[in-house]
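What follows is a single structure, written as structure tokens, with notes after it.
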Amino acid sequence: DGVPGKFDLDTGSRASLDLLAPFVEAHGLVARYGARRERINGWGVGGPARGYQVRAGVLKLGPIEIPGPVTGLSTQRKGAFAQRAVAGNVGSGVLSRFTVYLDYPRQQVILERNSRFGRRDPADRSGLWLHLGEGACVVGEAVPGTPAEEAGLQAGDRILSVYGAGTGKVSLHALRVKLR
């Protein structure tokens with residue numbers, strides 16, 4: 001959206017675009033995008049990462065334009081998402097639109113558009129963060145004022161079945177896709 005930055009390519013991230021807290025603050029992005037509800041928007045070795053979820057206008061990677069990426073605006077005060085060295089991470093939500101070639105000898109990344117290139121980035125607006133627990137999906141957070149809270153879900157609740165199938169038969173990924 002016209003704000004230049006240096007980005008890491010994070011092939012292990014399921015997000016499309018995450019902007020790190022110092023970059024978010026320096027450019028007033030919470031106000032710019034009208035972000036309203038802070039939430040868990042990622043989970044790493046150190047536990048939950050918090051921020052806002054918005055839909056940006058356009059991500060430009062060189063000559064390539066990605067319209068409407070779902071974007072995490074980090075509010076982290078420490079850890080990887082609080083560093084100042086880069087603006088953010090481009091994750092698999094964007095990278096999956098390309099066949100990605102890593103040319104190590106030339107230190108280049110080549111992005112070749114694939115059949116997913118023109119698809120709109122799906123967004124989960126349920127307000128629900130789930131992670132795996134023993135024999136169940138566990139609610140990490142039900143954001144106030146969202147459908148997850150309205151359904152009565154609370155952090156720590158264990159989801160044992162989905163549409164009549166035990167959670168052992170429904171992957172966490174499949175459940176997240178349903179929420180989108």
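Between the CG atom of Leu130 and the CD1 atom of Ile159 there is a distance of 5.0 Å, given to the nearest 0.5 Å. Distance check, rounded to the nearest 0.5 Å: CG of Leu59 to CD of Glu65 gives 9.5 Å. In this structure, the separation between CG on Leu19 and CD on Glu25 is 12.0 Å, given to the nearest 0.5 Å. Between atom CG of residue Leu73 and atom CD of residue Glu38 there is a gap of 10.5 Å, rounded to the nearest 0.5 Å. Atom CZ of Phe98 and atom CZ of Arg113 lie 6.5 Å apart (nearest 0.5 Å). Here Glu141 contributes atom CD and Leu128 contributes atom CG; the two are 9.5 Å apart, rounded to the nearest 0.5 Å.
Hydrophobic clustering of Ile, Leu, Val, Met, Phe, Trp and Tyr side chains at less than 4.5 Å, counting indirect connections, unites Val109 with Leu95. Hydrophobic clustering places Phe23 together with Leu17 (ILVMFWY residues linked when any side-chain heavy atoms are closer than 4.5 Å, directly or through intermediates).
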Would Arg37 and Glu149 count as a salt bridge (charged side-chain N to carboxylate O under 4.0 Å, His left out) if you check the C-alpha gap in whole Å, the side-chain angles of each, and the deciding distance to 0.1 Å? CA-CA 13 Å; Arg37 293 183 180 99; Glu149 183 194 50; over 6 Å; no

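Annotation: side chain of Val24 is not in contact with side chain of Tyr52 (no heavy-atom distance under 4.5 Å). At a threshold of 4.5 Å between non-hydrogen side-chain atoms, the residues Arg97 and Ile66 count as touching. Residues Leu61 and Phe7 fail the side-chain proximity criterion, which asks for heavy atoms closer than 4.5 Å. You'll find the side chain of Leu111 reaches within 4.5 Å of the side chain of Val100, heavy atoms only. Looking only at side-chain heavy atoms (C-beta outward), Phe81 and Asp18 come within less than 4.5 Å of each other. In this structure, Asp8 and Val90 have side chains that are not in contact, with every pair of non-hydrogen atoms separated by 4.5 Å or more.
A donor-acceptor pair under 3.5 Å is formed between the side chain of Arg55 and the backbone N or O of Gly68. Of the possible polar contacts, one joining the Ser92 side chain to the Ser13 backbone as a donor-acceptor pair under 3.5 Å is found. Side chain of Thr146 to backbone of Ser126: a donor-acceptor contact under 3.5 angstrom is found. Between the side chain of Asn89 and the backbone N or O of Gly91, no donor-acceptor pair lies under 3.5 Å. Looking only at distances, a side-chain donor or acceptor of Gln53 sits under 3.5 Å from a matching main-chain atom of Asp124. A donor-acceptor contact shorter than 3.5 Å links the side chain of Asp10 to the backbone of Gly12.
Residues satisfying the side-chain contact (heavy atoms from CB on, under 4.5 Å) criterion with Asp1, sequence neighbours excluded, are Arg32, Tyr33, Ala56, Val58. For Arg106, the salt bridge (charged side-chain N to carboxylate O under 4.0 Å, His left out) partners are Asp103, not counting sequence neighbours.
Minimum heavy-atom separation, Gly152 to Asp157: O-OD2, 4.0 Å. In terms of heavy-atom proximity, Arg50 sits nearest to Gln76 at N-OE1, 2.6 Å. Smallest separation of non-hydrogen atoms from Arg125 and Pro147: O-CD, 3.6 Å. The shortest non-hydrogen separation linking Ala82 to Pro22 is O-CG, 3.2 Å. The minimum heavy-atom distance linking Val70 with Ala123 is given by the pair CG2-CB, 3.7 Å.
A salt bridge between Asp121 and Arg116 is absent, with no side-chain N of the basic residue lying under 4.0 Å from a carboxylate O of the acidic one.
Aromatic ring pairs are classed by plane angle as parallel below 30°, tilted from 30° to 60° and perpendicular above 60°; the pair Trp43 and His131 is tilted.
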